[in-house]
Visitor: 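Below you'll find the structure I mean.
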Amino acid sequence: MEGVKIFAYHGYFPEEQTIGTPFSVDVFTEMESIHDESDDLELTVDYGRLFEIVSEEMKITRKLLEKVAHAILIRIKNEFPSVSKITVSISKLSLPIKGEVRNSKVELAYER
């Protein structure tokens with residue numbers, strides 16, 4: 001799931017937690033392929049549920065994006081135990097610095 005756009009209030013500085021800023025979240029998962037005739041959503045990763053997890057965790061204000069990414073990763077790991085790899089990246093699209101920077105990005109990965 002790429003490019004989930006969310007406005008949130010993460011940041012180290014108090015004004016970031018007051019004003020908020022746009023973020024983009026990417027979640028990549030990997031699991032073994034199911035080779036049976038079933039066409040059941042329970043046998044895969046439900047991207048609707050991934051979106052809910054990302055949205056819920058992005059609503060919880062934190063100072064560090066690493067903490068947000070870790071919370072998302074752990075929830076996905078717990079909810080989808082068949083997943084063998086998870087990568088969560090969060091980009092802050094507007095930075096409180098003087099200078100032109102496209103974004104600041106944090107990426108965490110898990111591999112079983």
Side-chain angles (χ1 to χ4, degrees):
M1 189 171 64
E2 287 185 88
V4 177
K5 303 291 188 217
I6 295 180
F7 192 88
Y9 298 88
H10 305 296
Y12 185 79
F13 301 106
E15 59 271 16
E16 294 178 285
Q17 295 182 9
T18 301
I19 297 168
T21 192
F23 293 86
S24 180
V25 181
D26 300 328
V27 176
F28 299 99
T29 59
E30 192 173 307
M31 62 185 287
E32 280 194 39
S33 177
I34 307 297
H35 298 291
D36 64 13
E37 298 300 315
S38 178
D39 203 14
D40 188 358
L41 186 59
E42 297 297 318
L43 298 176
T44 190
V45 178
D46 177 358
Y47 58 79
R49 185 64 190 126
L50 287 181
F51 182 83
E52 290 172 0
I53 290 169
V54 168
S55 296
E56 290 167 5
E57 290 300 328
M58 289 297 288
K59 287 179 184 176
I60 303 169
T61 300
R62 296 179 174 99
K63 288 184 178 182
L64 300 177
L65 290 181
E66 291 85 349
K67 295 293 184 184
V68 184
H70 184 260
I72 292 169
L73 192 147
I74 293 301
R75 285 193 56 192
I76 293 169
K77 179 183 166 197
N78 290 339
E79 191 156 330
F80 299 99
S82 61
V83 170
S84 59
K85 291 183 184 178
I86 304 166
T87 302
V88 176
S89 64
I90 303 174
S91 297
K92 182 181 257 187
L93 303 178
S94 179
L95 304 175
I97 60 174
K98 294 182 181 186
E100 189 173 328
V101 178
R102 183 174 62 187
N103 64 52
S104 173
K105 185 176 186 176
V106 168
E107 183 172 287
L108 296 182
Y110 159 80
E111 186 171 350
R112 181 168 28 121

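In this chain, numbering begins with 1 at the start of the sequence shown.
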Visitor: Can you name the residues that form a side chain to side chain contact (heavy atoms under 4.5 Å, CB included) with L108, not counting sequence neighbours?
Guide: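 L108: side chain to side chain contact (heavy atoms under 4.5 Å, CB included) contacts with A69, H70, L73.
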
Visitor: Check whether more than 12 heavy atoms from other residues, nucleotides or ligands sit under 6.0 Å from atom CD of E15, and answer yes or no.
Guide: yes

Visitor: Going by the salt bridge (charged side-chain N to carboxylate O under 4.0 Å, His left out) test, which pairs reach into residues 85-107, not counting sequence neighbours?
Guide: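 Non-adjacent pairs meeting salt bridge (charged side-chain N to carboxylate O under 4.0 Å, His left out): E16-K92, E30-K85, K85-E111.
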
Visitor: Which residues satisfy the side-chain hydrogen bond (donor to acceptor under 3.5 Å, both in side chains) test with E66, sequence neighbours excluded?
Guide: none

Visitor: By the rule that ILVMFWY residues connect when side-chain heavy atoms come within less than 4.5 angstrom, directly or transitively, which residues belong alongside Y9?
Guide: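 Direct or chained contacts put Y9 with F7.
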
Visitor: Can you list the residues that meet the ring pair (Phe, Tyr, Trp, His ring centres under 6.0 Å) rule with F13, with sequence neighbours excluded?
Guide: none

Visitor: NZ/K77 to OG1/T29 distance, rounded to the nearest 0.5 angstrom?
Guide: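 Answer for the NZ-OG1 pair, K77 versus T29, is 15.0 Å.
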
Visitor: Should L93 and V4 be counted in the same cluster of Ile, Leu, Val, Met, Phe, Trp and Tyr side chains packed under 4.5 Å apart?
Guide: no

Visitor: Once you round to the nearest 0.5 Å, how far does CD1 of I90 lie from CD1 of I72?
Guide: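 So the gap between those two atoms works out to 4.5 Å.
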
Visitor: Once side chain to side chain contact (heavy atoms under 4.5 Å, CB included) is applied, do any residues pair with E2, and if so which ones, sequence neighbours excluded?
Guide: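 E2 satisfies side chain to side chain contact (heavy atoms under 4.5 Å, CB included) with D26, F28 once adjacent residues are dropped.
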
Visitor: Using a side-chain heavy atom cutoff under 4.5 Å and only I, L, V, M, F, W and Y, what cluster partners does I60 have?
Guide: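 Hydrophobic cluster check, I60: no partners found.
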
Visitor: Taking ring pair (Phe, Tyr, Trp, His ring centres under 6.0 Å) as the test, write out the residues that go with Y47, two or more places apart.
Guide: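 So Y47 forms no ring pair (Phe, Tyr, Trp, His ring centres under 6.0 Å) with any residue.
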
Visitor: Checking one residue: I97. Which other hydrophobic residues are in its cluster under the side-chain 4.5 Å linking rule?
Guide: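 Answer for I97: L95, V101.
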
Visitor: Under 3.5 Å, side-chain donor or acceptor atoms of residues 17-25 against the rest of the protein: list the pairs with distances, not counting sequence neighbours.
Guide:
{"residue": "Q17", "atom": "NE2", "partner": "G11", "partner atom": "O", "Å": "2.8"}
{"residue": "T18", "atom": "OG1", "partner": "P14", "partner atom": "O", "Å": "3.1"}
{"residue": "T21", "atom": "OG1", "partner": "S94", "partner atom": "O", "Å": "3.3"}
{"residue": "S24", "atom": "OG", "partner": "K5", "partner atom": "NZ", "Å": "3.4"}

Visitor: Which residues pass the side-chain hydrogen bond (donor to acceptor under 3.5 Å, both in side chains) test with E79, sequence neighbours left out?
Guide: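 Residues passing side-chain hydrogen bond (donor to acceptor under 3.5 Å, both in side chains) with E79: R49.
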
Visitor: So, using side-chain hydrogen bond (donor to acceptor under 3.5 Å, both in side chains) as the criterion, who are the partners of R62 when residues are at least two apart?
Guide: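 Only E57 meet the side-chain hydrogen bond (donor to acceptor under 3.5 Å, both in side chains) criterion with R62.
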
Visitor: Evaluate the side-chain proximity of V54 to M1: yes if any heavy-atom separation is below 4.5 Å, no if none is.
Guide: yes

Visitor: Is the closest side-chain heavy-atom distance between V83 and Y110 below 4.5 Å?
Guide: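 The answer is no; the side chains never approach within 4.5 Å.
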
Visitor: Please evaluate residues V27 and I53 with respect to the criterion side-chain contact (heavy atoms from CB on, under 4.5 Å), reporting the C-alpha separation (whole Å), side-chain torsions for both, the decisive distance (0.1 Å), and the verdict.
Guide: CA-CA 11 Å; V27 176; I53 290 169; over 6 Å; no

